[in-house]
Amino acid sequence: NSLEVVDVVMTPPSLDDTMPDNERLTRALRKYLNISRVRIPYAVLKKLPDVLRENNFAVKCVIRATSDDMFVYDIFGKDEDVVIGGLAVDIGTTTVSAVLINMENGDILAKSSAGNGQIRFGADVINRIVESQKPGGQKKLQDAVIKETINPMIHEMCRSANFPANRIYRMCVASNTTMNHLFAGINSDPLRTEPYIPAFFKTNSLFASDVGIEINKDAHIIMAPNIGSYVGGDITAGTMVSQIWNRPEFSLFIDLGTNGELVFGNSDFMMSCACSAGPAFEGAGLHCGMPAQPGAIRLVRQESGQIVYQTVADAPARGICGSDILDALAVMLETDSLAVSGFLSAPWQIGQSAVTITQKDIRQIQLAKASVCAGIQTLLEHAHLQTRDVDRFIIAGGFGNSINPASAAAIGLFPAPLQDRLHFIGNGALAGASMLLSNPSLRNNMELTAQQATELSLSASPEFMDHYIECMSLEPVE
């Protein structure tokens with residue numbers, strides 16, 4: 001992974017050998033890897049005199065080496081057990097997920113997930129872009145995702161793994177194009193207006209100290225390259241995991257989250273689009289919606305004429321997961337409590353719980369599911385193909401990984417025939433970020449994937465609007 005721990009033994013200085021400490025270390029490292037350029041940052045230079053003398057000039061260095069350059073991230077005593085830490089982060093519009101990894105063997109040391117602190121500024125990316133344009137808004141949005149969300153997650157993971165945060169030497173971020181800009185503190189307003197141009201699709205110039213990520217200050221932040229203005233690096237990462245780019249059969253990939261991004265194609269071509277679904281699938285904005293925490297209803301079904309449910313940790317019901325509201329709607333349709341038009345005569349109580357589903361909840365799900373299904377149909381139409389031509393249907397994302405496919409097909413979230421070709425890959429963005437973290441050489445493949453995937457703008461597609469209206473009904477779609 002180009003990061004490694006090397007043992008370095010030097011001859012201690014004397015009156016006959018008065019070479020400065022940094023030059024002594026540089027000379028020893030040059031001999032070790034036959035590299036002419038060695039860079040020692042201030043953080044290492046500051047601790048260099050003490051570490052060298054406390055260990056009689058026999059030390060360990062954490063380095064990143066290329067064919068003509070070496071960067072020294074850290075220095076330790078010769079007997080210290082040094083683990084190279086890496087951090088992979090999926091910055092979702094609603095939820096942020098992360099893993100702390102041992103870069104030497106790939107072991108996961110800790111995991112964390114939290115709501116994106118930016119959500120108080122708006123549930124979708126457009127509202128957040130607008131908010132960022134207010135005085136001090138850009139800094140507020142950046143602080144919300146870094147200081148309020150990612151840094152506390154880092155501290156939590158490091159505590160649970162008993163791992164020093166300053167020994168995290170590389171970070172990889174996979175997120176949509178707007179989240180990338182807000183994370184980096186870069187003006188995202190051009191993404192909101194025609195011709196929808198980002199400041200970057202890819203960048204290799206970000207470091208932890210630039211944005212205030214509380215890991216090693218010199219840690220390089222690798223960002224998964226964006227495909228387009230509304231299809232970001234999280235989808236590039238997921239596409240890499242799903243192997244669409246490397247297989248001859250037609251595959252349809254969808255990341256079921258707030259933005260509902262899609263990629264369709266094979267090793268010859270790829271097309272992508274984003275069909276904003278909103279946060280309803282993740283429980284946000286629903287009357288009794290909540291994350292998958294103890295007390296969240298995670299299963300609803302009809303048994304012998306009775307509505308029964310199960311909750312996370314079998315705790316008393318406090319709300320419902322975004323994924324399970326699909327089950328609830330399927331049961332409501334099955335029992336004629338809900339019209340296919342989405343009309344609900346009165347709030348629907350889930351069994352004997354105090355959790356109810358309201359007319360507003362139904363409309364939120366209708367809007368979200370219509371957007372996703374219409375996006376699928378529009379993408380296939382532009383490829384001059386039909387549902388029957390899709391060989392693999394791949395769903396990624398925390399929401400997608402926990403849905404009941406039968407319930408999703410019953411309400412028309414996706415065309416029903418795709419249910420038989422369905423594969424779940426979990427959090428594809430985080431998995432792809434972890435792959436890129438451990439193997440930076442994949443960056444070239446990811447950049448090629450991002451370049452090859454044509455982005456289709458649904459806002460300019462009359463076909464999408466036609467399909468969107470048709471898909472509003474809560475019934476199976478062929």
Side-chain angles (χ1 to χ4, degrees), residues 92-93 122-130 132-133 174-182 186-202 224-239 244-245 250-266 268-279 281 367-386 390 396-397 413-415 429 447-472:
T93 309
D124 57 64
V125 295
I126 298 299
N127 279 318
R128 294 188 200 174
I129 293 173
V130 170
S132 73
Q133 297 309 298
S175 62
N176 67 56
T177 312
T178 301
M179 289 298 105
N180 278 340
H181 283 63
L182 296 177
I186 295 172
N187 184 15
S188 56
D189 195 52
L191 285 166
R192 185 175 61 91
T193 55
E194 289 186 351
Y196 313 110
I197 304 300
F200 65 94
F201 278 151
K202 59 182 180 180
N226 303 311
I227 291 174
S229 298
Y230 286 96
V231 182
D234 51 348
I235 306 308
T236 310
T239 302
I244 293 177
W245 59 280
F250 290 126
S251 298
L252 175 63
F253 170 89
I254 179 168
D255 190 317
L256 271 178
T258 305
N259 298 304
E261 299 98 337
L262 300 160
V263 178
F264 175 72
N266 61 6
D268 293 327
F269 80 100
M270 284 182 288
M271 301 173 64
S272 65
C273 67
C275 42
S276 181
F281 287 150
L367 294 170
K369 79 95 185 175
S371 183
V372 170
C373 196
I376 291 173
Q377 292 178 322
T378 305
L379 206 57
L380 290 174
E381 197 169 305
H382 275 258
H384 305 293
L385 295 168
Q386 298 178 357
V390 178
L413 176 61
F414 51 75
E447 289 180 355
L448 189 60
T449 298
Q451 291 167 7
Q452 289 177 338
T454 304
E455 184 182 26
L456 174 66
S457 175
L458 296 183
S459 62
S461 169
E463 299 94 339
F464 173 74
M465 290 310 301
D466 291 341
H467 289 308
Y468 183 69
I469 294 168
E470 293 168 1
C471 292
M472 202 66 77

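Sequential numbering from 1 along the given sequence is applied to the chain's residues. Bear in mind the structure is a predicted one, so any value in this text is a computation, not a measurement.
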To the nearest 0.5 Å, what is the distance between [atom1] ([X]) and [atom2] ([Y])?
X: Ser461; Y: Glu381; atom1: OG; atom2: CD; answer: 7.5 Å
X: Thr236; Y: Gln452; atom1: OG1; atom2: CD; answer: 11.5 Å
X: His467; Y: Leu380; atom1: NE2; atom2: CG; answer: 9.0 Å
X: Thr449; Y: Ile244; atom1: OG1; atom2: CD1; answer: 9.5 Å
X: Gln386; Y: Gln377; atom1: CD; atom2: CD; answer: 11.0 Å

Side chains of [X] and [Y] in contact at under 4.5 Å (non-hydrogen atoms):
X: Lys202; Y: Gln451; answer: yes
X: Leu367; Y: Tyr468; answer: yes
X: His382; Y: Cys273; answer: no
X: Asn187; Y: Gln133; answer: yes
X: Thr454; Y: Leu456; answer: no
X: Thr178; Y: Arg128; answer: no
X: Trp245; Y: Leu448; answer: no
X: Val390; Y: Ile376; answer: no

Inset, instruction - Please say which of Asp255, Asp234, Thr93 ends up in a side-chain hydrogen bond (donor to acceptor under 3.5 Å, both in side chains) with Asn176. - result: Thr93
Search all heavy atoms of [X] against all heavy atoms of [Y] and return the closest pair with its distance.
X: His181; Y: Ala199; answer: NE2-N, 2.9 Å
X: Ala374; Y: Cys471; answer: N-SG, 3.9 Å
X: Ala460; Y: Pro462; answer: O-CD, 3.4 Å
X: Ile129; Y: Ser132; answer: O-OG, 2.6 Å
X: Gly92; Y: Met179; answer: O-SD, 4.2 Å
X: Leu379; Y: Leu262; answer: CD2-CB, 3.8 Å

What donor-acceptor contacts under 3.5 angstrom involve side-chain atoms of residues 225-232, with partners at least two apart or in another chain?
| from | atom 1 | to | atom 2 | distance (Å) |
| --- | --- | --- | --- | --- |
| Asn226 | OD1 | Asn180 | ND2 | 2.7 |
| Asn226 | OD1 | Gly233 | N | 3.0 |
| Asn226 | ND2 | Phe201 | O | 3.4 |
| Ser229 | OG | Tyr196 | O | 2.4 |
| Tyr230 | OH | Leu191 | O | 2.6 |

Inset, instruction - Please name all residues satisfying side chain to side chain contact (heavy atoms under 4.5 Å, CB included) with Leu385, sequence neighbours left out, ordered by chain then number. - result: Phe250, Phe264, Ala383, Asp389
